[in-house]
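Quick notes on the structure that follows.
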Amino acid sequence: MASKPSLGETLAVLLARDMVDGEKVIIGTNSDIQLAACNLARHMQAPRLWWISGPGGMVNPTRDHLLSTADFENIESAESWMDLPVMIDFIDWKIHFFDFAILSALQVDRFGNINTVVVGDQRKPKLRGPGTVGISALCGLAKRFYVCLTRHDRSAFVPRVDFLCGAGHMEGGDSRERMGLPPGGPKLILSPLGVFDFEPVSKSMRVKSISPGVTLEQIRDNTAFDLVVEDVPPTTVMPAGHELDLLRTHVDRRGELRRKFP
Amino acid sequence: MTKSKIVSIDEAVAEIPDGAKVALGGWIFNSQPMALVRALIRKGARDLNLIPAPGSIAPDMLIGAGCAASTVCVFISFEQFGLAPHFRRQAESGALKVYDLDGPAIAGGLRAGICDLPYMPIPDLGTDLPKYAPEHYWPLPSKPGERKMLAVAAVKPDVCLLHAQQADEHGNVQHLGPPFFDAMIAQASRKVIVSVDRIVSTDTIRRNNHLTKLPSAMVDAIVEAPFGAHPTTSPSLYRADDAHLKEYVKSSASTDAFVGYLDRYVRGVAHSGYLDKIGGSRLAALGVSETNLK
């Protein structure tokens with residue numbers, strides 16, 4: 001009997017379930033959970049998922065353990081690797097080449113805009129983050145994106161991001177389209193407390209499901225804006241035994257997710 | 001016959017003036033041009049304007065050592081070890097001017113630089129970036145119904161510092177792993193300085209010419225610096241030294257500790273002396289082999 005899934009394992013399984021066979025996916029640096037999710041989906045319903053790591057340019061590196069997405073040793077197990085100046089055209093300019101990207105953030109707001117740049121004023125920030133890299137283009141040009149956060153508190157879930165570096169639904173409603181961005185935007189936000197989507201008209205963040213043992217009150221207390229709640233949100237369906245087995249035997253044999261995201 | 005392009009590490013950085021626009025190659029913990037960065041700090045460089053490819057310790061150490069007046073930030077991260085300590089501190093205190101650029105602005109800017117164009121068009125992706133770096137982004141006119149476009153300014157570094165695995169005396173540089181942005185940076189820069197882990201013969205270069213990512217005409221100076229990317233990885237030759245990266249982060253917690261770090265590893269320490277301090281057995285253990293892939 002498999003032991004309880006860690007946070008990292010749970011997030012990887014939840015992401016993997018949402019991937020469709022044949023889709024084209026991009027993930028960024030420092031993306032253990034994202035990488036695990038892609039390789040897990042390839043062992044489940046999406047064997048022809050085509051995924052690429054932004055920095056390394058490796059296509060479908062499929063090891064049985066996790067390595068950093070920029071790690072050159074991934075090349076050995078990749079189908080191909082693309083020179084960055086070539087990849088850049090797909091990442092930074094081409095509309096809807098990628099079905100989705102999976103991102104992380106310092107802050108995400110009620111319309112799914114994200115911030116990895118600064119908390120506070122850019123000229124004298126309270127917290128200086130790592131920067132934008134491909135996030136602006138992936139949020140703007142991929143068909144959809146996911147945001148995967150390993151913490152959920154009022155400093156991460158904010159009414160409005162301090163620095164918008166990846167456009168979600170902008171100011172809500174049809175503002176993203178009016179801005180001239182291609183159709184798309186955030187599909188799901190995943191956190192330790194639950195899974196969130198967006199109400200179709202207002203484009204406001206909505207509670208989709210709640211992690212076992214967590215209450216709606218707890219989510220509200222840890223979110224600095226009003227979430228849309230319709231009826232009684234269900235409990236998130238946690239990783240099943242076979243999903244966890246696949247993850248631990250075919251994707252993350254060294255237990256990196258358990259170690260890094262307990 | 002023209003002179004060999006191989007120069008000593010100190011010669012390579014001697015002519016980089018204070019205030020220069022210095023681009024740095026590699027990617028996060030891959031191929032950071034660390035031997036060149038340490039030489040630049042030893043020389044006492046000041047007021048540099050950094051243009052790092054997504055990086056880690058190369059821009060961070062130059063910032064921490066007081067060599068930088070400004071930096072472009074596409075992405076500066078210590079990944080699993082947290083935020084870049086000196087970049088973070090000086091950005092938060094306001095001591096360092098930071099120009100946040102996204103992927104399209106650095107890629108478009110380098111392409112404009114390469115092509116001698118003043119700017120490149122990118123789609124307006126609705127971010128706050130133009131508000132904080134108007135020198136780099138400005139709106140382009142568009143007709144009703146057309147996509148909103150921005151111009152991104154040409155990026156033309158005075159000099160770039162790169163690290164690759166091998167080169168010959170003519171300056172043919174071979175990458176045994178991903179070259180990341182190195183070729184674009186080299187094309188856009190007025191002067192190109194590359195450190196390599198080893199010098200090889202032109203015969204070796206010719207035998208594997210598909211690995212030559214920077215042909216000699218694009219390169220001004222080659223520096224032989226074995227383990228020159230340490231503590232970051234030099235793809236296919238050695239892995240990142242996680243213990244040293246942790247030591248760096250720990251030593252960056254206070255000014256005194258960081259002065260100690262620089263005195264021990266950088267100031268007055270030649271590259272060979274640096275390798276001695278890291279230690280032979282430690283370096284050997286970073287060498288890539290099947291046994292440490294586990």
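Each chain gets a letter, A, B and so on, in the order its sequence line appears, and its residues count up from 1. Side chains included, hydrogens not; waters and symmetry mates left out as well; all remaining heavy atoms used. None of the values given here were measured: they were computed from a predicted structure.
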Checklist entry - Taking 4.0 angstrom as the limit, do A/R176 and A/E171 come out as a salt bridge? => result no
Checklist entry - Where do B/H86 and B/F258 land on the ring-ring contact (aromatic ring centres under 6.0 Å, His included) test, with the steps shown first? => result CA-CA 10 Å; B/H86 298 284; B/F258 194 60; 3.9 Å; yes
Checklist entry - Is a side-chain donor or acceptor of B/R111 paired with a backbone partner of B/A107 at a separation under 3.5 angstrom? => result no
Checklist entry - Tell me, side chain or backbone of A/L127 under 4.5 Å from chain B's heavy atoms, or both, or neither? => result both
Next on the checklist: side-chain hydrogen bond (donor to acceptor under 3.5 Å, both in side chains) for A/N30 and B/E79? Distances and angles first, verdict last.
Outcome noted: CA-CA 6 Å; A/N30 205 22; B/E79 303 291 87; 4.5 Å; no
Checklist entry - chain B heavy atoms under 4.5 Å from A/D121: which part of the residue, side chain, backbone, both or neither? => result side chain
Checklist outcome for this item: Closest heavy-atom pair, B/L214 versus B/A186, reported as atoms and distance to 0.1 Å, is CD2-CB, 3.9 Å
Checklist entry - So which part of B/A84 gets closer than 4.5 Å to some heavy atom of chain A, the side chain, the backbone, both or neither? => result neither
Next on the checklist: With chain A as the partner, which of B/F75, B/F78, B/F29, B/F181 has the greatest number of non-hydrogen pairs under 4.5 Å?
Outcome noted: B/F75
Item to check | Which atoms of B/K213 approach chain A - backbone, side chain, both or neither, heavy atom under 4.5 Å | outcome: side chain
Checklist entry - Between atom CD1 of A/I26 and atom OG of A/S53, what is the distance when rounded to the nearest 0.5 Å? => result 8.0 Å
Item to check | Region of B/N30 that comes under 4.5 Å of a non-hydrogen atom in chain A | outcome: side chain
Item to check | Interface residue of largest heavy-atom contact number with chain A, from B/T127, B/D128, B/L83, under 4.5 Å | outcome: B/D128
Item to check | Residue part contacting chain A, namely of B/P130, when any heavy atom lies under 4.5 Å | outcome: neither
Item to check | Rounded distance [0.5 Å steps], CG in B/L117 versus CE in B/M120 | outcome: 7.5 Å
Checklist entry - Is chain B contacted by the side chain of A/D162, its backbone, both, or neither, given a heavy-atom distance below 4.5 Å? => result backbone
Next on the checklist: Is B/R88 in contact with chain A via its backbone, its side chain, both, or neither, using a 4.5 Å heavy-atom distance?
Outcome noted: both
Next on the checklist: So that I can tick it off, tell me whether A/D64 and A/R248 are bridged by a salt bridge, with the cut-off set at under 4.0 angstrom between side-chain N and carboxylate O.
Outcome noted: no
Item to check | Which portion of A/M170 sits near chain B, non-hydrogen atoms under 4.5 angstrom | outcome: side chain
Next on the checklist: Heavy-atom pairs under 4.5 Å with chain B - which of A/L141, A/T29, A/I91 has more of them than the others?
Outcome noted: A/T29
Next on the checklist: Tell me which of these, B/P54, B/S77, B/G94, B/P179, has more heavy-atom pairs under 4.5 Å with chain A than the rest.
Outcome noted: B/P179
Checklist outcome for this item: Ranked by heavy-atom pairs below 4.5 Å to chain B, first place among A/P182, A/G166, A/A167, A/C165 goes to A/C165
Checklist entry - B/D124 versus chain A, heavy atoms under 4.5 Å apart: side chain, backbone, both or neither? => result both
Checklist entry - Are B/D197 and B/Y238 close enough that a side-chain donor and a side-chain acceptor fall under 3.5 Å? => result yes
Checklist outcome for this item: Heavy-atom nearest pair, A/N60 first then A/E79, reads ND2-OE2, 2.8 Å
Checklist entry - Is it the side chain or the backbone of B/R89 that comes within 4.5 Å of chain A heavy atoms, both, or neither? => result neither
Checklist outcome for this item: Assert top hit (heavy-atom pairs under 4.5 Å, partner chain A, pool B/V74, B/L176, B/L110) equals B/V74
Checklist outcome for this item: Ranked by heavy-atom pairs below 4.5 Å to chain B, first place among A/L181, A/D32, A/T132, A/V161 goes to A/T132
Item to check | B/K246 atom NZ, over 12 foreign heavy atoms within 6.0 Å | outcome: no
Checklist entry - Is A/R258 salt-bridged to A/E9, going by a charged N under 4.0 Å from an acidic O? => result yes
Item to check | Side chain, backbone, both or neither of B/L125 within contact of chain A (heavy atoms, under 4.5 Å) | outcome: both
Next on the checklist: Can you tell me which portion of B/I28 sits under 4.5 Å from chain A's heavy atoms? Options are side chain, backbone, both or neither.
Outcome noted: side chain
Item to check | Under 3.5 Å side-chain donor-acceptor pair for B/R239 and B/T233 | outcome: no
Checklist entry - Out of A/P85, A/G54, A/G140, which one racks up the most heavy-atom pairs below 4.5 Å with chain B? => result A/P85
Checklist outcome for this item: Answer key: most heavy-atom pairs under 4.5 Å with chain B among A/G180, A/G134, A/S136 is A/S136
Checklist entry - Within 45° of the ring axis of A/F198 and under 6.0 Å from its six-membered ring centre, is that where the NZ or CZ of A/K187 lies? => result no
Checklist outcome for this item: Turns out that what part of A/V117 lies under 4.5 Å from chain B's heavy atoms comes down to side chain
